[in-house]
Amino acid sequence: LLGSLLDLGYKPSELAYIKPATQCVIDQLVWNFCERHGIAHQGVGPIRYLPGFTQHFLNGKTYTSRELLARARAAVEEIGKGKKVVLVDGV
């Protein structure tokens, strides 16, 4: 999608990529693409699903759903400042 947006004439400075919630913390191809093209990106956002997350969540040992959503939203809004398009990648 980012490549297509560049092909359509968007400047790298107008684009951003974020994955606000993930369980993968190793480099991804899309991060490398963003770096090569100068696109702002955050591949590992504020929510990381580490082993045991579900159990900890159910036991109230993590942020609440509302807090998790607020953290994700804040990260998207921050990287999106001044951008025309922000690609938000799901889990």
Side-chain angles (χ1 to χ4, degrees):
L1 289 173
L2 292 169
S4 294
L5 290 168
L6 291 173
D7 290 344
L8 288 171
Y10 285 91
K11 298 175 187 169
S13 61
E14 297 174 320
L15 305 174
Y17 167 86
I18 185 169
K19 189 163 188 171
T22 187
Q23 57 188 2
C24 183
V25 295
I26 59 170
D27 283 358
Q28 300 293 305
L29 291 176
V30 67
W31 306 353
N32 296 327
F33 180 88
C34 289
E35 287 180 20
R36 277 196 322 274
H37 292 279
I39 298 170
H41 63 287
Q42 184 178 0
V44 179
I47 303 169
R48 290 190 216 159
Y49 299 113
L50 300 174
F53 177 86
T54 301
Q55 190 63 46
H56 290 305
F57 179 81
L58 293 173
N59 291 334
K61 295 180 179 177
T62 67
Y63 292 105
T64 66
S65 294
R66 183 177 297 246
E67 291 167 330
L68 290 169
L69 289 172
R71 290 168 62 88
R73 181 179 181 158
V76 171
E77 289 175 351
E78 181 63 30
I79 202 164
K81 287 181 181 173
K83 306 298 181 192
K84 289 188 176 180
V85 178
V86 178
L87 178 60
V88 181
D89 193 347
V91 175

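What's counted below: heavy atoms across the whole structure, side chains too, no hydrogens, waters or symmetry copies. If you read the sequence from its start, that first residue is 1, and numbering goes on from there.
- Across all non-hydrogen atoms, the minimal contact from Ile79 to Val86 is CG2-CG1, 4.2 Å.
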TODO: Would you please test Thr22 and Asp89 for side-chain contact (heavy atoms from CB on, under 4.5 Å) and show each step?
DONE: CA-CA 9 Å; Thr22 187; Asp89 193 347; over 6 Å; no
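- Cluster membership check: Tyr63 does not share its hydrophobic cluster with Leu69, using side-chain heavy-atom separations under 4.5 Å among Ile, Leu, Val, Met, Phe, Trp and Tyr.
- The backbone N or O of Gly52 sits nowhere less than 3.5 Å from a side-chain atom of Gln55 that would complete a donor-acceptor pair.
- Leu68 and Val76 fall into different hydrophobic clusters, where Ile, Leu, Val, Met, Phe, Trp and Tyr side chains are chained together by heavy-atom contacts under 4.5 Å.
- Contact between Tyr17 and Cys34 at its shortest, heavy atoms only, is CB-SG, 3.8 Å.
- Under the 4.5 Å side-chain heavy-atom criterion for Ile, Leu, Val, Met, Phe, Trp and Tyr, Tyr10 and Ile18 are members of distinct hydrophobic clusters.
- Lys83 contributes a side-chain N or O that, together with a main-chain N or O of Ser13, makes up a donor-acceptor pair within less than 3.5 Å.
- With rounding to the nearest 0.5 Å, the separation of CG in Asn32 from NE2 in His41 is 8.0 Å.
- With hydrophobic clusters built from ILVMFWY side chains whose heavy atoms lie under 4.5 angstrom apart, Leu50 does not share a cluster with Phe57.
- The aromatic rings of Phe33 and His37 sit tilted, their planes meeting at an angle between 30° and 60°.
- Residue Ala72 comes nearest to Pro20 through the heavy atom pair CB-CB, 3.9 Å, listed as atom of the first residue, atom of the second, then distance.
- Summarising the geometry of Leu2 relative to Ala16, their closest heavy-atom pair is CD2-O, 4.4 Å, with the distance given to 0.1 Å.
- In this structure, Leu87 and Ile39 have side chains that are not in contact, with every pair of non-hydrogen atoms separated by 4.5 Å or more.
- The number of heavy atoms from other shown groups lying within 6.0 Å of CZ (Phe53) is above 12.
- Other residues, nucleotides and ligands place more than 12 heavy atoms under 6.0 Å from the CG atom of Leu58.
- Interatomic distance, Lys19 NZ to Gln28 CD, rounded to the nearest 0.5 Å: 6.5 Å.
- The minimum heavy-atom distance linking Tyr49 with Gln23 is given by the pair O-CB, 3.4 Å.
- When hydrophobic clusters are built by joining Ile, Leu, Val, Met, Phe, Trp and Tyr residues whose side-chain heavy atoms come closer than 4.5 Å, directly or via intermediates, Leu5 is not grouped with Leu29.
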TODO: Apply side-chain contact (heavy atoms from CB on, under 4.5 Å) to the pair Trp31 and Val44, showing each step before the final yes or no.
DONE: CA-CA 10 Å; Trp31 306 353; Val44 179; 3.6 Å; yes
